[in-house]
Amino acid sequence: MTDGPATSPAPAVEPGVPPAESPSVLVTVASVALGPPLKFLAAFGEHMMLLGRALAWIVRPPFRPKLFVEQMEFVGVGSLPIVTLVGFFTGAVSALQTVSALKLFQQERWVGFTVGVSLAQELAPVFTALMITARAGSGMATELGSMRITEQIDSLTTFAVNPIQYLVTPRIVATILVMPLMTMVFNVIGLCGGYVVAIVMSHVDFGQASELYRYWTDPKDYYMGLIKSAVFGLALALTACYQGFNVRGGAKEVGRATTRAVVYGSVSVLVLDYFLIEILSLIWPFGGG
Amino acid sequence: MTDAAPPKSERWQIQVRALHKSFGAQHVLRGIELDIERGKTNIIIGGSGQGKSVLMKHLMGLLQPDTGHIYVDGEDIVGLDDVAIGTVRRKFGMVFQYAALFDSMNVVENVAFPLTERYRLPRAEIMSRVRDLLQRLGLPGVEAKFPAELSGGMRKRVALARALIDRPKILLYDEPTTGLDPIATKNVDEMIRRTADDFGVTSVVISHDMASTFRIGDRIAMLYEGAIVASGTPQELLAAPHPALREFVETSGAVRFDAKGRIL
Ligand SMILES: Nc1ncnc2c1ncn2[C@@H]1O[C@H](COP(=O)(O)OP(=O)(O)OP(=O)(O)O)[C@@H](O)[C@H]1O
Ligand SMILES: [Mg+2]
């Protein structure tokens, strides 16, 4: 290949730069600059691998419906009180602000529509996801993490049970299924909160408000929210399972994994929210009615 | 080392050959050669962090070695696929260092787990087998309790019940007595001994505890710096102790040696 005698390969450096130092400088700079993105990519890849395995196990026997039901109960029924509470006050606060703004134009009767749509598209799916991340996501990370450090996950393997199929698949699938349901609950309770503030306390005319809400709200507002919530469910459960499953070390590591599950889970919900809006707006363009 | 499989042996149930395992830069197992004798209580001793648990996890395929072979009843289990390794694992029961009972299940569900996962048996039969075994291990009346409600010694026994329920040929115990008081230690030792005699299983026990090692061991192997540096019957080992073994045994105070290395 080279025309000269085959000695050591020529270092790929610019002329005038001392060859002994430049590679290490380049490597240092590159590793400092590229370290975080590469780490992120590696972690992302690992999440995707875990997801792929978890999904592949759905269709392979043995099937254990009981585990799915248990997880749906944990994620859904267990989160119901907090979702109800947060839903009520979110609707109430949203109505309060909307009413006070609309009052300037004597247009308070629009409150039902405004609150309803912002709940349906944004508030309900995002807040529900954040609540479930804090409650169920942290619970999953703690449970799987402590199962890991006390060798319960290894012991599953000794009984020829695949731990991903047994532990991760039910959690991810259950969260994907339950999230839209919880989001609907949030919507309904949120409207109740709005009703109390707008109709009961601020004396907005209920007939007019509900008429406008019914006329202007579109099913797509709800579909968007529900699709988003299912994706959020996938993201938060995957993050939590990944963190818990990969704990190494002792109890302190379990605590840190739990914190990471909540922080990364919440961040990924908010980041995904943006991208999902962009993607869904291709299907249902803004202002399309 | 040689790649030829050792002949299937009546005497040796498990044969480990030239086993190497690294985690990243850390070379934990450096050419393990180990024979586990059928129907006997085989004890592996060694200091903390020497790789005893790692070695044990290799024996039933929970970890894959970098190189080397593990023959179980003459069959090399390294590199088997999921299904094949699943079959091999049915020969084993393992009692983990911290019992590793499932927190979310009560005692009965824990002990029945291998049966409910592996077979479709009528509930009544499972229950009678579980009750029977708990009775034999001196654990009546704990059936509805959860692991968190049991003492350390009881948890070890429930873990043993879970390991025994599917009638394994080989039982692995990872530090069964660590963290137990002397009386509980003695009870667990007796339990291991009795299990070996009553159920006719081959036992592999990891231990720090020199006193119990010499009390219950038929064969002893010492793991030191990633290799088995000494192995044989207790008498053989004490007759010509390896320096590392000697130090280990002496510091524990279980056996003392004179200046020429003879037992006092
Ligand atoms: N899954 C793993 N990943 C990375 N390193 C590991 C893993 N398992 C074990 N190690 C390392 O291998 C070494 C041996 O660990 P091992 O648990 O086998 O020690 P041990 O002899 O059982 O010690 P102890 O008596 O304290 O239980 C340790 O340094 C440990 O950090
Ligand atoms: Mg250990």
Side-chain angles (χ1 to χ4, degrees), chain A residues 42 53-54 56-57 59-75 78 136 139-171 174 241 244-251 253-254 258, chain B residues 23-24 53-54 56-64 80-105 109-120 147-148 152 155 158-160 162-166 168 170-175:
Chain A
R53 291 206 196 120
W57 275 110
V59 293
R60 286 176 65 179
F63 305 108
R64 303 179 183 89
K66 190 168 152 251
L67 295 178
F68 289 82
V69 175
E70 274 172 16
Q71 285 308 314
M72 289 176 71
E73 194 183 327
F74 171 69
V75 178
M140 288 176 196
T142 310
E143 188 181 4
L144 295 192
S146 63
M147 286 186 78
R148 168 66 76 191
I149 63 166
T150 57
E151 295 178 311
Q152 291 177 54
I153 293 183
D154 283 327
S155 88
L156 277 176
T157 317
T158 67
F159 305 120
V161 173
N162 183 292
I164 291 182
Q165 182 187 29
Y166 196 86
L167 297 171
V168 179
T169 305
R171 282 171 173 75
C241 290
F245 212 71
N246 289 305
V247 168
R248 295 278 177 275
E253 288 303 315
V254 177
T258 305
Chain B
F23 294 105
S53 299
V54 170
M56 184 167 266
K57 284 177 183 169
H58 278 86
L59 296 184
M60 67 181 301
L62 297 180
L63 288 172
Q64 282 295 324
L80 290 183
D81 64 37
D82 275 6
V83 178
I85 196 81
T87 316
V88 172
R89 283 183 189 142
R90 284 185 190 182
K91 293 183 182 175
F92 286 86
M94 180 153 177
V95 182
F96 283 87
Q97 193 159 351
Y98 305 102
L101 296 174
F102 301 119
D103 293 327
S104 57
M105 300 180 192
E109 289 164 338
N110 262 289
V111 176
F113 188 82
L115 298 182
T116 49
E117 275 304 320
R118 288 171 184 170
Y119 316 105
R120 302 226 153 277
R155 237 177 275 159
V158 174
L160 176 64
R162 187 178 65 176
L164 275 173
I165 190 87
D166 200 19
I170 309 161
L171 263 181
L172 309 179
Y173 301 86
D174 194 349
E175 297 193 18

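Note that this is a predicted model, so its numbers are computed, not measured. Residue numbers begin at 1 in each chain, while the letters A, B, ... track the order of the sequences.
Atom OH of B/Tyr98 sits in a sparse spot, with 12 or fewer heavy atoms from other residues, nucleotides or ligands closer than 6.0 Å.
Judged by a 6.0 Å distance limit and a 45° cone about the ring axis, A/Arg148 is positioned over the six-membered ring of A/Phe245.
Heavy-atom distances place both the backbone and the side chain of B/Phe96 under 4.5 Å from chain A. When heavy atoms are compared at a cutoff of 4.5 Å, B/Leu172 does not approach chain A at all. Looking at A/Ile153, there are no atoms closer than 4.5 Å to chain B (heavy atoms on both sides), in backbone or side chain. Heavy atoms closer than 4.5 Å to chain A are found in both the backbone and the side chain of B/Arg162. B/Arg118 touches chain A through its side chain: at least one heavy atom from C-beta onward sits under 4.5 Å away, while N, CA, C and O do not.
A 4.5 Å side-chain heavy-atom check between A/Gln165 and A/Pro62 finds at least one atom pair inside the cut-off.
Look at B/Glu117 and A/Arg64 and you find a salt bridge, because one of the NZ, NE, NH1 or NH2 atoms lies within 4.0 Å of a carboxylate O, short of that distance.
Comparing B/Ala159, B/Ala163, B/Pro114 by how many heavy-atom pairs each has under 4.5 Å with chain A, the most go to B/Pro114.
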Side chain to side chain contact (heavy atoms under 4.5 Å, CB included) between A/Arg171 and A/Leu144, intermediate numbers included: CA-CA 11 Å; A/Arg171 282 171 173 75; A/Leu144 295 192; 4.0 Å; yes
